[in-house]
Amino acid sequence: MMSSISKVTVLGTGVLGSQIAFQTAYSGIEVSVYDIDDAVIAKARQRFDALVETYEKEVPGAQGRADAALGRLRFFTDLGAAVADADLVVEAIPEVLELKQDAYARLGNLAPERTIFATNSSTLLPSAMKDATGRPDRFLALHFANQIWKFNTAEVMGTADTSAAVFDAVVAFASAIGMVPIPVRKEKAGYVLNSLLVPLLNAAAELAAGGYADPHDVDKVWRIATGAPLGPFQIYDIIGLTTPYNILSHGDAQMRQLAGWLKEHYLDKGKLGVASGEGFYVYGPAA
């Protein structure tokens, strides 16, 4: 087992995948960034440029350092080349089990034997993917919260097959990139954060979709009555509505109804959250 993780590949350049890659590069580690084609990579480059501006505004000491992080990012549309020398691959692709299983089957044949695989899945259990990896002892979950430069938890959760040394190496990696590692001792869908957050978001969606209260009023009640800085629909916008939609659309009948409501009233209108400039709230230009 390696004593440190010095070369990282991030699979997927969506909102959170881009953040994971940038935070890792910002922390001084070389990062290979993979996505499916040049058009998607071009959008990722725009996200990274925007993250430089965000870090310089919001992270103390980021002047110059954030811009330097761009030099540690390499971009790939060839999966084999992207993982050829990786110590760790962090997968941050859409929350669809079959899609993740297929990705791990490919990764298992392409990455070096030593490479650790980590899923950033929000709700899926790593045990549902471990066999597809071909290396269940070197596979686990590493879950980040959105806006990781501010909300810097990293939940580490293995399966019954995960090597203790691998678990410890990933905890150390999380700490090295400025996260607060949260070891999750047994498999739990949703880890700690989403076990608490997802029921709140679903309850809020039920209130709005059912016509009981406007999303802004739901948020107002939550903020005033609990002292929380954000309401659930503000949190939806930060997460981005695509991930909750993917989760809901694979749930029970009630959850699928909520997915349909999100799709009809928001996704189909291009209202994806903060990243698109509008979700339940209107923001500035698309991030």
Side-chain angles (χ1 to χ4, degrees), residues 14-16 18-20 23 47 50-51 53-60 62 95 120-123 143-155 178-180 182 184 188-249 251-252 254-287:
V15 171
L16 197 47
S18 295
Q19 291 179 21
I20 295 166
Q23 177 66 27
R47 285 198 179 97
L51 283 168
E53 295 181 16
T54 298
Y55 273 56
E56 289 180 344
K57 289 177 183 176
E58 299 185 17
V59 179
E95 194 77 343
N120 182 56
S121 172
S122 300
T123 56
H143 180 249
F144 297 85
N146 200 2
Q147 297 188 351
I148 67 176
W149 62 92
K150 292 193 294 187
F151 308 125
N152 62 325
T153 59
E155 298 172 281
M179 301 294 102
V180 177
I182 308 296
V184 182
K188 174 76 170 71
Y191 315 78
V192 176
L193 175 60
N194 283 324
S195 292
L196 299 169
L197 182 60
V198 169
L200 169 67
L201 298 183
N202 287 352
E206 288 172 16
L207 289 168
Y212 298 102
D214 179 87
H216 293 194
D217 287 332
V218 173
D219 280 358
K220 191 181 299 181
V221 168
W222 186 255
R223 291 195 308 266
I224 294 172
T226 68
L230 299 173
F233 290 104
Q234 290 172 292
I235 296 171
Y236 265 120
D237 278 355
I238 291 170
I239 294 169
L241 304 192
T242 302
T243 293
Y245 169 76
N246 284 335
I247 295 169
L248 289 166
S249 63
D252 61 20
Q254 184 179 18
M255 292 177 71
R256 292 195 298 273
Q257 281 188 325
L258 294 178
W261 173 76
L262 272 180
K263 184 176 187 298
E264 178 183 354
H265 295 283
Y266 296 93
L267 299 182
D268 286 350
K269 297 178 180 180
K271 299 178 181 180
L272 309 181
V274 172
S276 70
E278 184 174 1
F280 291 102
Y281 294 82
V282 178
Y283 304 89

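Everything quoted here is computed from the prediction, not taken from an experiment. Only heavy atoms go into these numbers, but all of them, side chains included; no hydrogens, no water, no symmetry mates.
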Over all heavy atoms of both residues, which pair between L51 and S18 is shortest? Give the atoms and the distance, please.
CD1-O, 3.8 Å
Applying side-chain contact (heavy atoms from CB on, under 4.5 Å) to I148 and L16, what does each step give before you reach the verdict?
CA-CA 8 Å; I148 67 176; L16 197 47; 3.9 Å; yes
Mind checking side chain to side chain donor-acceptor pair (under 3.5 Å) for R223 and listing every partner two or more places apart, or none if nothing turns up?
Q234
Please name all residues satisfying side chain to side chain contact (heavy atoms under 4.5 Å, CB included) with L193, sequence neighbours left out, ordered by chain then number.
H143, A145, E155
Pairwise distance CD(Q19) to OG1(T54) - rounded to 0.5 angstrom
9.0 Å
E264: side chain to side chain donor-acceptor pair (under 3.5 Å) partners, not counting sequence neighbours:
none
Nearest heavy atoms of A154 and M179, plus distance in Å
CB-CB, 3.7 Å
With sequence neighbours left out, which residue pairs that include part of residues 226-245 fulfil the ring-ring contact (aromatic ring centres under 6.0 Å, His included) condition?
F233-Y236, F233-F280, Y236-F280
Enumerate donor-acceptor pairs with a distance under 3.5 Å from any side-chain N or O in residues 204-215 to protein atoms, sequence neighbours excluded.
| from | atom 1 | to | atom 2 | distance (Å) |
| --- | --- | --- | --- | --- |
| E206 | OE2 | Q254 | NE2 | 3.4 |
| D214 | OD2 | H216 | N | 2.8 |

Can you confirm whether T243 sits close enough to V15 that some side-chain heavy atom of one is under 4.5 Å from a side-chain heavy atom of the other?
no
Are the side chains of I235 and D219 in contact, using a 4.5 Å heavy-atom criterion?
no
Non-neighbouring partners of W149 that pass side chain to side chain donor-acceptor pair (under 3.5 Å), sequence neighbours left out
E58
Does L272 have any side chain to side chain contact (heavy atoms under 4.5 Å, CB included) partners at least two apart in sequence or in another chain, and if so, which?
T242, L267, S276
With K263 via salt bridge (charged side-chain N to carboxylate O under 4.0 Å, His left out) - residues at least two apart:
D268
Determine whether I239 and L197 make a side-chain contact, defined as any pair of heavy atoms from C-beta on separated by less than 4.5 Å.
yes
Any residue meeting salt bridge (charged side-chain N to carboxylate O under 4.0 Å, His left out) with K220, in chain and number order, not counting sequence neighbours
D217
Which atom pair, heavy atoms only, marks the closest approach of S195 to K188?
OG-NZ, 3.2 Å
Passes side-chain contact (heavy atoms from CB on, under 4.5 Å), V192 versus T153? Steps please.
CA-CA 11 Å; V192 176; T153 59; over 6 Å; no
Only counting residues at least two apart or in another chain, list the ones meeting side chain to side chain donor-acceptor pair (under 3.5 Å) with S122.
none
Does the side-chain contact (heavy atoms from CB on, under 4.5 Å) test come out yes or no for W222 and L200, once each step is laid out?
CA-CA 10 Å; W222 186 255; L200 169 67; 3.9 Å; yes
Holding to side chain to side chain contact (heavy atoms under 4.5 Å, CB included), I want the full list of residues that pass it with E278, two or more places apart in sequence or in another chain.
K271, V282
Can you find a pair of side-chain heavy atoms, one from F144 and one from F151, that are under 4.5 Å apart?
no
So N202 and L248, do their side chains get closer than 4.5 Å, heavy atoms only?
yes
Find out whether Y283 and D237 are in side-chain contact, i.e. whether some heavy atom of one side chain is under 4.5 Å from a heavy atom of the other.
yes
Got a second to check how far I247's CD1 is from N194's CG, nearest 0.5 Å?
6.5 Å
Please indicate whether K57 has more than 12 foreign heavy atoms, meaning atoms of other residues, nucleotides or ligands, lying under 6.0 Å from its NZ.
no
Taking only residues two or more places apart in sequence or in another chain, which ones pass side chain to side chain contact (heavy atoms under 4.5 Å, CB included) with A189?
L125
